[in-house]
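Take a look at the structure set out below.
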Amino acid sequence: MTATSGLFDTSAKALGVAMLDLDDDGWPDLFVANDTQPNKLYRNQKNGTFKEMAVGAGVALSRDGRARAGMGVDTASLDGSGRLSIAVTNFDNEMIGLYKPLGGGRFEDAAIAAGLGAASRNRLGFGCAFADVDLDGAIDLLDANGHIDEAVRIGGSIGYAQPPHLFLNQGDATFRDAAAEAGDAFAQPRVARGLACGDFDNDGDVDLLLTTNNGPAYLFRNDQLSGNRSLRLRLVGTRSNRDAIGAVVRIFHDGTTQSRTVKSGSSYLSQSELPVTFGVGRRDRIARLVIAWPSGRLDEFTNVVTGRAYDCVEGQGLTIPVR
């Protein structure tokens with residue numbers, strides 16, 4: 001179906017792909033990060049075909065109109081609106097791209113203003129992922145770095161092995177790199193490629209798996225000492241697909257909103273876990289939880305206790321699983 005759906009493109013050197021719903025119509029759209037070629041953005045036409053619209057949407061190129069070496073990609077709602085921003089890792093001297101929605105299907109690259117641009121200029125990024133690593137309710141950005149040229153040395157500032165980034169969301173549309181605060185083991189330079197997230201030890205926070213080129217994988221356990229709590233949900237579709245791919249979960253508390261989409265893929269050569277994790281600070285309850293299933297069904301719950309992981313079968317309520 002690739003050619004007849006409108007996705008076939010011999011000019012594209014695709015390395016990363018992410019699913020997102022551009023216009024909140026319940027139909028999944030696709031963003032493709034391309035290496036040295038313009039990125040692609042495919043809007044779902046709801047009839048088995050897609051329309052490419054990256055140039056008009058402002059996500060095909062850099063701010064100065066150049067194609068970059070797009071590698072990894074992920075999407076998330078950064079402001080509680082539900083509208084998704086797109087992060088793309090690129091080559092050294094190209095910076096991370098952070099395409100934030102302007103409305104009307106248009107985006108702008110806000111990486112410099114957000115504090116991501118200068119910090120990522122001398123890194124070559126591959127895998128990336130949005131996750132609330134400190135559970136404060138503001139979603140953060142991580143990326144795995146490492147060059148492709150073993151001999152690269154440019155003024156001593158760019159090397160083959162490179163430290164990762166851990167960009168903590170400051171809650172005001174800006175980020176700061178806190179990788180050094182995550183410990184020497186995490187901040188060590190590596191020739192990294194893949195990056196995936198998941199709560200492997202079932203303690204409520206998001207742990208990280210990082211893979212390296214011609215080297216081992218590294219599993220970093222996240223041990224939260226802040227006292228912040230999380231709310232985790234594993235969705236199971238009945239009328240919808242079993243894994244609930246495309247379901248959107250929103251929580252509402254104290255006048256704020258967060259959203260997560262159940263998705264596969266993203267990052268670079270990686271698959272993060274399907275359950276979604278919300279950081280809620282020190283709140284012991286959230287006022288409202290709404291799940292929009294791909295089938296069109298809405299499930300709503302109120303006064304939900306935090307600090308727990310829940311299973312939710314479509315149309316059958318929340319349960320606490322026995323692990």
Side-chain angles (χ1 to χ4, degrees), residues 15-22 29-35 38-41 53-134 137-145 162 164-179 195 197 258-261 263 265-268 270 272:
L15 291 181
V17 61
M19 184 187 75
L20 68 163
D21 188 350
L22 288 169
D29 310 298
L30 295 171
F31 177 91
V32 178
N34 287 318
D35 182 10
N39 300 319
K40 303 292 184 180
L41 182 63
M53 51 174 290
V55 172
V59 299
L61 307 166
S62 66
R63 289 176 64 93
D64 55 1
R66 294 186 300 168
R68 294 185 282 191
M71 309 287 188
V73 57
D74 200 10
T75 65
S77 175
L78 301 180
D79 59 4
S81 68
R83 297 184 302 171
L84 296 176
S85 294
I86 305 169
V88 183
T89 58
N90 295 298
F91 214 78
D92 65 73
N93 289 314
E94 291 184 340
M95 305 186 299
I96 289 174
L98 180 66
Y99 299 103
K100 298 183 72 173
L102 298 174
R106 288 190 52 79
F107 294 78
E108 68 171 352
D109 188 350
I112 294 176
L116 305 177
S120 61
R121 184 179 295 277
N122 289 335
R123 307 279 174 86
L124 196 165
F126 278 89
C128 67
F130 282 109
D132 188 355
V133 295
D134 54 4
I139 198 161
D140 311 304
L141 176 64
L142 304 109
D143 78 291
N145 300 308
Q162 301 177 352
H165 282 122
L166 168 53
F167 290 112
L168 291 183
N169 191 326
Q170 303 300 285
D172 59 356
T174 66
F175 296 80
R176 69 177 182 88
D177 189 3
L195 178 68
C197 299
Q258 296 185 57
S259 68
R260 301 284 190 273
T261 301
K263 59 190 177 185
S266 297
S267 192
Y268 173 79
S270 305
S272 292

How long is the span from the [atom1] atom in [X] to the [atom2] atom in [Y], to the nearest 0.5 Å?
X      : Y      : atom1 : atom2 : answer
Leu78  : Phe175 : CG    : CZ    : 5.0 Å
Asp143 : Phe126 : CG    : CZ    : 11.0 Å
Leu61  : Asn39  : CG    : CG    : 7.5 Å
Asp177 : Leu166 : CG    : CG    : 7.0 Å
Leu168 : Ile139 : CG    : CD1   : 12.5 Å

Is there any side-chain hydrogen bond (donor to acceptor under 3.5 Å, both in side chains) pair reaching into residues 166-176, and which pairs are they, with sequence neighbours excluded? Asp172-Thr174, Arg176-Glu181
Let me see the working for Leu20 and Ile86 under side-chain contact (heavy atoms from CB on, under 4.5 Å), right down to the final yes or no. CA-CA 9 Å; Leu20 68 163; Ile86 305 169; 4.0 Å; yes
With [X], which residues qualify under side chain to side chain contact (heavy atoms under 4.5 Å, CB included), at least two apart?
X      : value
Ala129 : Asp74, Leu195, Cys197
Ser77  : Asp79, Ser81, Leu84, Ser259
Leu15  : Asp35, Met71, Tyr268
Ile112 : Met95

Would you check if the side chain of [X] reaches a backbone N or O of [Y] as a donor-acceptor pair within less than 3.5 Å?
X     : Y      : value
Asp29 : Leu22  : yes
Thr75 : Ser85  : no
Asp92 : Leu124 : no
Asn90 : Ile96  : no

Could you check if a side-chain atom of [X] sits within less than 4.5 angstrom of a side-chain atom of [Y], using non-hydrogen atoms only?
X      : Y      : result
Asp132 : Asp140 : yes
Asn93  : Asn122 : yes
Leu142 : Val133 : yes

Residues in ring pair (Phe, Tyr, Trp, His ring centres under 6.0 Å) contact with [X], at least two apart in sequence or another chain:
X      : value
Phe107 : none
Tyr99  : none
Phe31  : none

Where is the tightest heavy-atom contact between [X] and [Y], given as atom of each residue plus distance?
X      : Y      : answer
Gly16  : Val73  : C-CG1, 3.7 Å
Phe167 : Gly115 : CE2-O, 4.2 Å
Leu102 : Arg83  : C-NH1, 3.7 Å
Cys128 : Gly72  : SG-C, 3.7 Å

What residues, two or more places apart in sequence or in another chain, satisfy side chain to side chain donor-acceptor pair (under 3.5 Å) together with Arg260? Gln258
Pairing residues for Asp109 by the side chain to side chain donor-acceptor pair (under 3.5 Å) criterion, not counting sequence neighbours: Arg68
So if I apply the side-chain hydrogen bond (donor to acceptor under 3.5 Å, both in side chains) rule between Arg123 and each of His165, Gln162, Glu94, which one comes out positive? His165
